[in-house]
Amino acid sequence: MTGCKPGGLQHRTRTKEVLDWITKKFPNLKPRIAWNQPMFTDHGTFIIGFSVSKHHLAVGPERAGIDHFSDEIEQAGYDHTKLLVRMPWDRPVDFSLLEKMNAFNITDKADCSTFWRK
């Protein structure tokens, strides 16, 4: 691939793997691009979003998702801020953790009528 940055193809492949997995595992979620980033929504409310960085795939399940799973995020060996989880490119994706974060947000936001939690 001409003009591709080092790691670009690997990062794209990993990101596609994660997005495809979510599409298959949670077929009711709607994929969408907003703010130039892939994300998934349920009945118009945000469930999870992603962004690509040089060193990691950033996963954003909103602050409630980070707070709820902070211990499991750390046990998986991931670093996190208040709003995102950093999944390093050189480590496997913890799909069970992604599944739990998605399921939590779907359930927790079932009656949410806004895009973001208030």
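Computed from a predicted model, the values in this text were never measured in an experiment. If you read the sequence from its start, that first residue is 1, and numbering goes on from there.
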Test side chain to side chain contact (heavy atoms under 4.5 Å, CB included) applied to Arg86 and Thr81, step by step: CA-CA 8 Å; Arg86 294 182 188 102; Thr81 67; 3.2 Å; yes
Evaluate the side chain to side chain contact (heavy atoms under 4.5 Å, CB included) criterion for residues His56 and Asp79: first the C-alpha distance (whole Å), next the side-chain angles of each, then the deciding distance (0.1 Å), finally the verdict. CA-CA 10 Å; His56 60 266; Asp79 182 29; over 6 Å; no
Report the C-alpha separation of Tyr78 and Leu97 in whole Å, then their side-chain angles, then the decisive distance to 0.1 Å, and conclude whether the side chain to side chain contact (heavy atoms under 4.5 Å, CB included) test is met. CA-CA 11 Å; Tyr78 299 141; Leu97 179 58; 4.1 Å; yes
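With a 4.5 Å cut-off on side-chain heavy atoms, Ile22 and Phe50 count as touching. By the 4.5 Å heavy-atom criterion applied to side chains, Glu17 and Phe95 are counted as neighbours. Taking the side chain as every heavy atom from C-beta outward, Leu57 and Val52 approach each other to under 4.5 Å. Counting only heavy atoms from C-beta outward, the side chains of Leu98 and Lys25 never approach each other to under 4.5 Å.
For the atom pair NZ of Lys109 and CD1 of Ile47, the computed distance is 5.5 Å after rounding to the nearest 0.5 Å. Taking CG of Asp108 as the reference point, atom CD of Glu62 lies at 9.0 Å (rounded to 0.5 Å). The line from CD1 of Ile48 to CG of Asn102 is 4.5 Å long, rounded to the nearest 0.5 Å. Atom CG of Asp20 and atom NZ of Lys16 lie 3.5 Å apart (nearest 0.5 Å). In this structure, the separation between CZ on Arg63 and CZ on Arg117 is 12.0 Å, given to the nearest 0.5 Å.
In summary, the aromatic rings of Phe104 and Phe69 are positioned with their centroids under 6.0 Å apart.
Met39 and Val85 end up in different hydrophobic clusters when Ile, Leu, Val, Met, Phe, Trp and Tyr side chains are linked at under 4.5 Å. Note: the hydrophobic cluster containing Val59 does not contain Phe115 (ILVMFWY, side chain heavy atoms under 4.5 Å, direct or indirect links). If you chain together hydrophobic residues whose side chains sit under 4.5 Å apart, Ile73 and Trp21 fall into the same group. Both Phe40 and Met87 belong to a single network of hydrophobic side chains, linked directly or stepwise wherever heavy atoms of I, L, V, M, F, W or Y lie under 4.5 Å apart.
When all heavy atoms of Pro38 and Ile33 are compared, the closest pair comes out as CA-CD1, 3.7 Å. For the pair Lys100 and Glu72, the tightest heavy-atom approach, listed with the atom from each and the gap, is NZ-OE1, 2.8 Å.
When Met101, His80, Lys82 are each tested for a side chain to side chain contact (heavy atoms under 4.5 Å, CB included) with Ile66, only one passes: His80.
Using a distance-only test at 3.5 Å, with no hydrogens or angles considered, a donor-acceptor pair links the side chain of Trp89 to the main chain of Ser53. With hydrogens and angles ignored, the 3.5 Å screen pairs a side-chain donor or acceptor of Asn105 with a backbone N or O of Pro61. Judged purely by atom type and a 3.5 angstrom limit, Thr41 has no side-chain atom pairing as donor or acceptor with the backbone of Phe46. Side chain of Lys30 to backbone of His43: no donor-acceptor contact under 3.5 angstrom is found.
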